[in-house]
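Worth knowing before you read on, the calculation uses all heavy atoms, side chains too, and leaves out hydrogens, waters and symmetry mates.
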Amino acid sequence: MSVPPDPHAAAFFDVDNTMMVGASIFHFAKGMAARNFFSWRDLVTFSLKQARLRVVGERHGDMHSTRESALAFVAGKVVADIVLLGEEIYDEELADRIWSGTYALAQAHLDEGRRVWLVTATPVELATIIARRLKLTGALGTVAEAKDGVYTGRLVGEVLHGEAKAHAVQALADREGLDLAKCSAYSDSINDVPLLSLVGHAVAVNPDSALRAEAKQRGWEIRDFRTGRKAARIGIPSALGIGAIGGGVAAGLAIKRGRATEFSRLALLASQPSRRRWR
């Protein structure tokens, strides 16, 4: 028996380490690197920048400038081509990384007549692919500027992280007539407390230690779908979105090309999870 939709209720899910194992942009980037989408020079340059951020610390301004420098990689690329590649890469890299437990939670909301959105710092085109493949309502993500169907390499607005996620969800609720007190939100990261605090039902999914402590203090529900292979499953960093390209991909290319000295060391440093993880 079908449940009539509730126009005032919805659920919002973070992506990286919440809906799927690891960082979505890392997996997309790996697939694009395999197709020679990024040059060796681009990958090494960005991995060095990311390594520097890991050493000196991550601040919102650093994240914004780093995201913009990363978007320079797609400057001049046709949006439709990126989306087509994203569809292929989803099948190759992401389909098997979805947390079945989290997906079941999203499906339960849909079955009960509530809409479900992904909310992530991942570029909105890629987030939309994930949402569509999972048959969710839609996705909110970081917006890269495009003119005449071609990426300019610049951002539109803020990286969808922290407070920006909460603002985006509030704006969506205003447009869609949602009652946030009747809505739910799911995340693994302490950085998403603004989003979790916005809704009536907050759930910490596969939470980092800081969010677990916060959830216990606030009486939020905690769901953990990680197994005994926890360390392996969460080893890919969420980091600065596309900044996660630097670690695994650049290090792998460096080793393959016999240049695994300083570049490899710095790239591997960039790939290590930091104490503060950005979405």
Mind running side chain to side chain contact (heavy atoms under 4.5 Å, CB included) on Val79 and Tyr151 for me, showing each step along the way?
-> CA-CA 6 Å; Val79 175; Tyr151 287 114; 3.7 Å; yes
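Within the 4.5 Å cutoff, no side-chain heavy atoms of Tyr90 are placed close to those of Ser24.
Listed for the Asp179 side chain is no donor-acceptor partner under 3.5 Å among the backbone atoms of His8. No donor-acceptor distance shorter than 3.5 angstrom exists from the side chain of Asn17 to the backbone of Asn206, with no hydrogens or angles considered. Using a distance-only test at 3.5 Å, with no hydrogens or angles considered, no donor-acceptor pair links the side chain of Asp14 to the main chain of Tyr186. A donor-acceptor contact shorter than 3.5 Å links the side chain of Arg226 to the backbone of Pro207. No donor-acceptor distance shorter than 3.5 angstrom exists from the side chain of His109 to the backbone of Ala10, with no hydrogens or angles considered. At least one donor-acceptor pair under 3.5 Å links the side chain of Thr18 to the backbone N or O of Asp188. Proximity of a side-chain donor or acceptor of Asp208 to a complementary backbone N or O of Leu211 within less than 3.5 Å is detected. Judged by distance alone, the side chain of Thr142 and the main-chain N or O of Ala121 form a donor-acceptor pair under 3.5 Å.
Atom CG in Leu134 sits 9.5 Å away from atom CD in Gln107 (nearest 0.5 Å). Atom OG1 of residue Thr137 and atom CD of residue Glu176 lie 9.0 Å apart, to the nearest 0.5 angstrom. Here Leu118 contributes atom CG and Ile129 contributes atom CD1; the two are 12.0 Å apart, rounded to the nearest 0.5 Å. A distance of 13.0 Å separates CZ of Phe12 from CG of Asp192, quoted to the nearest 0.5 Å. Here Glu145 contributes atom CD and Thr152 contributes atom OG1; the two are 3.5 Å apart, rounded to the nearest 0.5 Å.
Shown here for Gly138 and Ala131, the closest heavy-atom pair between the two residues is O-CB, 3.6 Å. Taking both residues in full, the closest heavy atoms of Ala144 and Val156 are given as C-CG2, 4.3 Å, listed atom of the first, atom of the second, then distance.
Residues passing the salt bridge (Lys or Arg N to Asp or Glu O under 4.0 Å) test with Arg35, sequence neighbours excluded: Glu88, Glu92. Residues forming a salt bridge (Lys or Arg N to Asp or Glu O under 4.0 Å) with Asp6 (at least two apart in sequence, or on another chain): Lys182.
The environment of CG in Asp174 is crowded: more than 12 heavy-atom neighbours from other residues, nucleotides or ligands sit within 6.0 Å.
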